[in-house]
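Whatever order the structure lists ligands and atoms in, that order sets their numbers, starting from 1.
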Amino acid sequence: MKAYTSFAHLQRDLAEGSVNCIQLVEHYLDRIEAHASLNAFLEVYAVEARQRAQEVDAKIKAGNGGRLAGMVIGLKDNICYQGHRLTAASKILGEFESLFSATAVERLLAEDAIIIGRLNCDEFAMGSSNENSAFGPVLNAQDTGKVPGGSSGGSAVAVQAQLCFASLGSDTGGSIRQPASFCGVVGLKPTYGRVSRHGLIAYASSFDQIGPFTHQPEDAALLLEIMAGADAYDSTAALQPVAPYTAQLKEQGPKKVAYLKNALEQPGLDQEVKERTLQTLDRLKAEGYEVTGVDFPYIDYVVPTYFVLSTAEASSNLSRYDGVHYGFRSEDASDIPSTYINTRTEGFGKEVKRRIMLGTFVLSAGYYDAYYSKAQKVRRLIRDFTLEVLQDHDFMVLPTTPHSAFELNANAQDPIAMYLEDIFTVQANLAGVPAVSVPMGNDRHDMPLGLQVLARPFEEGPMLGFSSYLMNNIFSQS
Ligand code: GLN
């Protein structure tokens, strides 16, 4: 079986009949089994995927296959799929099964995607290394001594190791882009509100977005085009019409690109990441792009602002796991307080507890103004700055991560060091703008690096077109 990394190629072969969906599903099932030690999948839907492959093959033969006919997809385990278990990689959801499918999933299924399983992640999507899963860490397929990034580590590795064609993740502060960068794949965080969050387990609702992992920007555009758009079940889903992203991928000549000068001066930024970013900017200049360095006055505040606001929202969102509504209940639950206290004590992992406590603290009387309100104000400054720069420039470019994937356990005892891993990704979430991580080759440790591109709200099409240009014309020259 060919290693398909472009859906256009796969579709052509499916249409010609040189491959069929059954073969594809068997191929991925074999690979999932052979790579089980990566711990990317929490559950594999083998029987169902085979059944659905048969149905989709019949549709392709009859000439009425959907736009995703033959695309085998894995779902991060915080996205609802009706009749299937859902854990958010936490013990607290126990044996809970989704009663409905996320809107994004419904839309993929309506175009004949084949869902092959659910993917490991950090518990409730909190983390940058996938070491916070109640079901063990995911390993980076490029070097199994290293983390895949997080929180959508399973989704990134599943695509990296070709255990499925594409996957969905969620991005609240970088959880799609950072693992995409560590694993050498494309990871897209759409504009806030572009994809419905109906059926996504809420972490921090003013940041959360669902997005795809793929090998090519073209396929990210295709998946976005299908998933995006208004949804009666999510009032925060934008009403703005969905652009024909797949038709906007041709880079329309040299454009204006901004980069953040002081981002490249951050302590902890790997020298090679800096050099590669600067080289890319030089190449763009040589191709006629107008490249401008700007100072980002708030760079030291992005991580604190993100963590104050996201933990505040998490403390509220996670209050629903009380031993009554969902899944797990402590054996030592004899009255209401012991039900709440013991269920939450036993059911949540350490990082989730840390964030609930931090979030409750920043929202508490006496500290609300000092932390939460202040962080809201700083968020506005960061958003205004970002939008202003993007008014004058088509794209903003910066590294996705300060360095390539780190060793397992390297940051596990140091939450602050772990939080600082998100320094380059949280800006896009705070500002609500779309962002993508594009693989830019491997570093001296032979580990993947990613370059991040940010664009104006709802300009995912041009942003992915530029990403494709970077991959095919700029990075391929290195
Ligand atoms: N790494 C970030 C965090 O720990 C981002 C998580 C996310 O995007 N879900 O919160």
Close aromatic pair by centroid cut-off 6.0 Å: F361 and Y371: yes

Neighbouring protein residues of ligand 1 - any heavy atom closer than 4.0 Å: A125, M126, G127, S128, S151, D171, T172, G173, G174, S175, Y203, Y306, R355, D422

Ion pair E111/R107, N-O distance below 4.0 Å: no

Check: Y4 ring centroid to F165 ring centroid under 6.0 Å: no

Lys NZ or Arg CZ of R355 over F124 ring: under 6.0 Å, within 45°: no

Between CD1 on residue I423 and CD1 on residue I299, distance to nearest 0.5 Å: 5.0 Å

Ionic contact status for D270 with R444, cut-off 4.0 Å: yes

